[in-house]
Student: 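Please find one structure pasted underneath; my questions will follow.
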Amino acid sequence: MSERRKQYPFDKIETKWQSHWDQQGTFKSLNPGDEGFDPAMPKFYALDMFPYPSGQGLHVGHPEGYTATDIISRYKRMLGFNVLHPMGWDAFGLPAEQYAIEHGIHPRDTTAKNIAYFKQQLKSIGFSYDWDREINTTDPAYYRWTQWIFLKLYNSYYDEGNQAATPIVELMEKRKEEYPDENATEHRSFIDKHRLAYIDEVAVNWCQALGTVLANEEVVDGKSERGSHPVERKPMRQWMLRITAYGDRLIEELEDLDWPEGIKSLQRNWIGRSEGADVHFELPGTGNKVTVFTTRPDTLFGATYMVLAPEHPLVDEVAEAEHSESIDNYRNEIATKSDLERTDLAKSKTGVFTGGYAVNPINGEEIPIWIADYVLMTYGTGAIMAVPAHDDRDNEFAKQFNIEIRAVVQPKEEENDETSCFTGEGIAINSPLIDGLQTTEAKEVVTDWLGNNGFGKRAVNFKLRDWLFSRQRYWGEPFPISWDNEGGHHAIPEDALPIQAPEMEDFKPTGDARPPLSKAKEWVNHEEGYKRETNTMPQWAGSCWYYLRYCDPNNAERFISTEAEKYWMNVDLYVGGTEHAVLHLLYSRFWHKVLYDLGYVKTKEPFQKLINQGMILGEDGQKMSKSRGNVINPDTVIEEYGADSLRLYEMFMGPLEQVKPWSNKGVEGVHRFLARVWRLFMENSQEGEWVLSSKIKEVEPSKQQLKVLHETIKKVTHDIESLDFNTAIAQMMVFTNAFTGAEERPIKELTIFLQLLNPFAPHITEELFAIIAEIFPQIIDKNEISKMPWPEYDEKYLIEDEVEIVIQVNGKLRDKMITCKNDSEEEIKFQCQELEKIKPFLEGVTVRKIIVVPGKLVNIVAN
RNA sequence: GCCGACGUAGCCCAAUUGGUAGAGGCAAACGACUUAAAAUCGUUCAAGUGCGGGUUCGAGUCCCGCCGUCGGCACCA
């Protein structure tokens with residue numbers, strides 16, 4: 001197209017208005033306290049998930065969600081809202097560091113370069129961001145507060161009584177009252193075990209290639225999510241965040257959020273709450289006991305063996321000497337296998353008998369204790385009671401090793417499926433205490449019995465694990481922590497923040513578990529007797545609270561002022577990809593709740609409404625990727641068709657949440673539409689210049705034109721509200737088609753149309769509006785369309801005097817008939833039976849009933 | 001295996017939530033304009049809604065059972 005004449009001068013228009021908005025500060029939003037701030041104005045907070053500024057620049061997936069929030073933002077402004085619509089950079093992270101290592105360039109420099117490129121690209125699409133609120137997670141002025149929030153976590157514990165994070169000093173005082181004689185070390189160790197940010201020795205996912213540990217969530221099929229490098233299990237001392245304390249609240253408080261059900265259930269699933277009971281099994285002759293967790297205490301009578309995780313601390317105690325060799329062999333075998341191999345081998349169960357026995361508290365029976373890797377040390381108590389009659393895994397294991405299978409639950413209905421074991425609910429049998437009871441009741445009775453006799457208690461478990469929060473990298477937030485020579489950790493005072501990483505020539509991984517920062521000796525040994533923590537925070541840290549900082553981005557005193565927080569929060573609309581359905585959204589909800597508990601924010605949840613945009617596929621229907629060669633670059637689209645066409649096409653492709661393939665023909669289609677809009681207003685003069693069309697006049701619109709206009713206002717308004725942008729655009733095409741043929745084009749009505757189109761295609765509409773404003777100052781007294789109020793529709797123009805309705809006989813379409821809006825049902829019933837085409841169908845049959853749907857149809861039921 | 005989304009003209013998608021299957025775009029065909037083409041304008045074409053049952057006067061829409069595509073989880077006791 002570049003060689004051909006452009007259908008309209010979008011290239012000139014777009015850059016012109018982009019710099020106009022920039023210079024005029026058109027989209028600046030005011031905070032409470034700012035000059036000109038109007039407290040009566042309602043607020044709207046439209047947020048995009050901020051991008052990681054990669055070296056590749058934007059791909060067409062980015063502007064999909066961004067255009068949606070931009071349309072909403074522009075629309076809400078025209079409705080009179082004070083709109084917060086910001087953008088920023090999630091700029092810490094592995095790719096920049098990897099690139100830095102490979103090319104010897106400081107990640108700060110590559111990051112700055114990438115951000116500049118992203119920003120220029122975003123500006124070229126005409127998004128109405130308030131760039132004065134731009135934030136960058138790698139800016140010390142920003143991560144100072146990330147570190148500050150970490151200190152809040154460090155200095156808090158979860159008070160089970162109040163179900164809330166509470167300052168750790170309160171726990172210290174309580175402890176001192178209860179244990180006045182406890183020595184300082186013991187006191188300290190108790191306190192440190194209760195912090196929301198704590199140190200623990202855990203089996204971590206160590207990735208040698210990346211030189212860092214990874215969170216469980218960052219490991220996919222035993223490989224690193226980024227780069228697909230092998231990951232191994234390795235015990236290391238790491239910072240952990242106690243997200244599990246919030247398990248219940250993270251589930252319960254999803255309830256009132258306006259999120260897609262799918263995402264809610266994804267989160268519930270991930271948190272994986274299950275209710276059941278802890279049951280104590282005595283180890284005869286030792287005085288010791290093993291506790292298991294079960295969700296089916298009603299099947300206790302059917303427990304015919306017990307399984308400990310191979311790593312369970314009591315294995316050595318229960319093991320008989322004659323079995324110790326096979327146990328050792330088995331454990332070694334497990335240890336050398338990666339997670340991937342362990343799950344691969346899941347097809348058949350493995351395990352060994354320990355030689356030990358445990359006493360089933362409910363019937364005094366001694367059952368054999370096995371170890372097997374299908375029991376995980378990291379879930380529940382790391383031990384289970386096995387009920388092979390009613391659990392698939394136990395069933396498989398028992399069959400493999402010829403262990404007794406004892407049925408204790410009878411299906412309610414005859415479900416003669418003998419091939420698999422029965423895991424559903426039914427009636428208890430072979431269980432003296434609960435025979436005849438149904439499952440729900442039986443669970444209660446057994447749990448109560450266990451509690452009353454000291455053999456156990458009600459218990460809840462989560463699949464969710466605490467959040468592994470350390471990374472062995474350079475390009476991340478340093479921890480505000482230093483260590484004394486006795487191995488005790490100390491918070492660095494708030495007024496010393498931010499803690500900045502030292503300038504280093506060499507920030508390559510050390511090749512072992514020591515982080516790169518450990519090489520900066522001077523920085524580490526910052527104070528006599530103290531060494532700095534050399535791990536850094538994971539990339540998720542910065543994105544956990546960025547939505548708060550946008551509200552008050554330049555506050556040097558506080559992470560957000562109380563006024564700004566109270567005014568702007570919470571986020572009214574949050575748009576981003578499903579890939580963040582669990583990680584980012586769970587982590588930031590967790591941090592938000594901690595800040596809420598500690599009184600720093602007023603809302604329990606950060607994101608009221610969430611929408612996930614669907615992925616955009618390549619033209620071949622495959623995921624876009626360099627190797628497939630099907631990547632569409634937004635820059636090229638803008639160059640050929642303009643930003644308005646890109647925006648419009650992204651929205652016209654289909655429903656926002658749906659996955660859909662790109663089509664260059666489709667872009668041409670919407671581009672043609674914009675060109676039609678242009679020619680609705682403009683024509684070529686004899687000199688070949690674009691001038692206002694001579695058909696544009698101050699005339700009264702026809703009744704038909706008014707109807708189309710008001711239909712369009714109505715549909716576009718409703719569709720924007722419900723985020724159905726594709727159908728809103730279709731309606732605007734209808735409008736354009738209806739007005740294209742008109743010899744006289746009423747200026748007032750066409751201007752209203754421009755306002756409707758403005759949030760979608762801001763450049764062309766600003767330009768046309770400005771041209772009209774100049775020629776018809778008596779009609780338009782503003783010079784920016786962005787400043788115009790949103791049009792309203794009037795139902796009276798939508799009502800038709802005459803409507804064609806459908807006549808059916810027994811549900812089959814037989815004729816059509818014109819009715820007046822005043823016709824009564826009786827009249828219509830009578831009239832339709834008189835129709836020539838209908839009569840033959842009514843001959844020789846009895847009319848049983850006539851259904852009239854006003855303005856729609858009549859159905860004559862006859863036989 | 002479990003959870004979720006989706007399945008409507010050749011393609012992308014609509015359908016007032018139970019009321020004429022078609023709004024819009026792409027593609028195709030024809031016509032007008034043109035020396036011709038492109039662009040533009042106009043006209044036309046097409047599926048009975050993945051499959052099988054059911055409820056109803058009436059089902060793309062509700063219910064039951066399958067099939068297919070995509071995404072997520074996957075020894076969580």
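Reminder, nothing fancy here: chain letters follow the sequence lines and each chain counts from 1.
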Student: Looking only at side-chain N and O atoms, does A/Arg268 come under 4.0 Å of OP1 or OP2 in B/C3?
Tutor: no
Student: To the nearest Å, how far apart are A/Gln7 CD and B/A39 C1'?
Tutor: 7 Å
Student: Roughly how many Å apart are B/G42 and B/C33, using the P atom of each and rounding to a whole number?
Tutor: 16 Å
Student: Given atom NE2 of A/His718 and atom C1' of B/U16, what is their separation to the nearest angstrom?
Tutor: 11 Å
Student: Go along nucleotides 18-29 of chain B 5' to 3' and tag each nucleotide: B for a protein heavy atom under 4.0 Å from its base, S when only backbone or sugar atoms are that close, - otherwise.
Tutor: -BB--BBSSS--
Student: Tell me whether the count of non-hydrogen atoms from other residues, nucleotides or ligands lying under 6.0 Å of NZ in A/Lys837 goes above 12.
Tutor: no
Student: Where do A/Thr295 and A/Ser274 come nearest, in terms of heavy atoms and distance?
Tutor: CG2-CB, 3.9 Å
Student: By nearest heavy atom, map A/Met385 and A/Lys715 onto RNA chain B; which one lands nearer the 5' end?
Tutor: A/Lys715
Student: Take the protein atom NE2 of A/His580 and the nucleotide atom P of B/G71, then report the distance between them rounded to whole Å.
Tutor: 17 Å
Student: For B/G48, does the glycosidic angle fall within 90° of 0 (syn) or outside that (anti)?
Tutor: syn
Student: Rounded to whole angstrom units, what separation is found between the CG atom of A/Leu617 and the C1' atom of B/G71?
Tutor: 12 Å
Student: Distance between the C1' atoms of B/U8 and B/C51, in whole angstroms?
Tutor: 15 Å
Student: To the nearest Å, give me how far apart CD (A/Gln622) and P (B/U69) are.
Tutor: 13 Å
Student: Is the distance between the ring centroids of A/His671 and A/Tyr649 less than 6.0 Å?
Tutor: no
Student: Starting at OH of A/Tyr374 and ending at P of B/G1, how long is that distance when rounded to a whole Å?
Tutor: 22 Å
Student: Could you tell me if A/Lys349 sits above the aromatic ring of A/Tyr374, with its cationic atom closer than 6.0 Å to the ring centre and no more than 45 degrees from the axis?
Tutor: yes
Student: Can you tell me, in whole Å, how much space there is between the C1' of B/A5 and that of B/A77?
Tutor: 30 Å
Student: With a non-hydrogen cut-off below 4.0 angstrom, is A/Pro260 in contact with a base, only sugar-phosphate, or nothing?
Tutor: nothing
Student: Around atom CD of A/Gln400, are there more than 12 heavy atoms of other residues, nucleotides or ligands at under 6.0 Å?
Tutor: yes
Student: Rounding to an integer number of angstrom, what distance separates B/A47 and B/G4 when you compare their C1' atoms?
Tutor: 29 Å
Student: Can you check the distance between B/C75 and B/G58, where both ends of the measurement are the P atom (answer in whole Å)?
Tutor: 50 Å
Student: Does NZ in A/Lys264 sit with more than 12 non-hydrogen atoms of other residues, nucleotides or ligands closer than 6.0 Å?
Tutor: yes
Student: What is the distance, to the nearest angstrom, from the CE atom on A/Met682 to the P atom on B/A39?
Tutor: 23 Å
Student: Mind checking the C1' distance from B/C13 to B/U35? Whole angstroms is fine.
Tutor: 41 Å
Student: Sticking with atom C1', work out how far B/G18 lies from B/G65, rounded to a whole angstrom.
Tutor: 22 Å
Student: Give me the distance, rounded to whole Å, that separates B/G24 from B/A14 when you measure between the C1' atoms they each carry.
Tutor: 8 Å
Student: For B/U61, does the glycosidic angle fall within 90° of 0 (syn) or outside that (anti)?
Tutor: anti
Student: Take atom OH of A/Tyr379 and atom P of B/C73, then tell me their distance rounded to the nearest Å.
Tutor: 18 Å
Student: Name the nucleic acid region contacted by A/Lys660, choosing base, sugar-phosphate or nothing; use a 4.0 angstrom heavy-atom cut-off, strictly under.
Tutor: sugar-phosphate
Student: So what does A/Thr578 touch, heavy atoms closer than 4.0 Å: a base, only the sugar-phosphate, or nothing?
Tutor: nothing
Student: Counting only side-chain heavy atoms from C-beta out, which of B/C57, B/C73, B/A77 sits nearest to A/Val861?
Tutor: B/C57
Student: Is there a donor-acceptor pair closer than 3.5 Å between any side-chain N or O of A/His710 and the backbone N or O of A/Asp794?
Tutor: yes
Student: After noting the C-alpha distance and the side-chain angles of A/Glu311 and A/Arg331, does the key distance pass the salt bridge (charged side-chain N to carboxylate O under 4.0 Å, His left out) rule?
Tutor: CA-CA 8 Å; A/Glu311 307 89 349; A/Arg331 284 170 139 183; over 6 Å; no
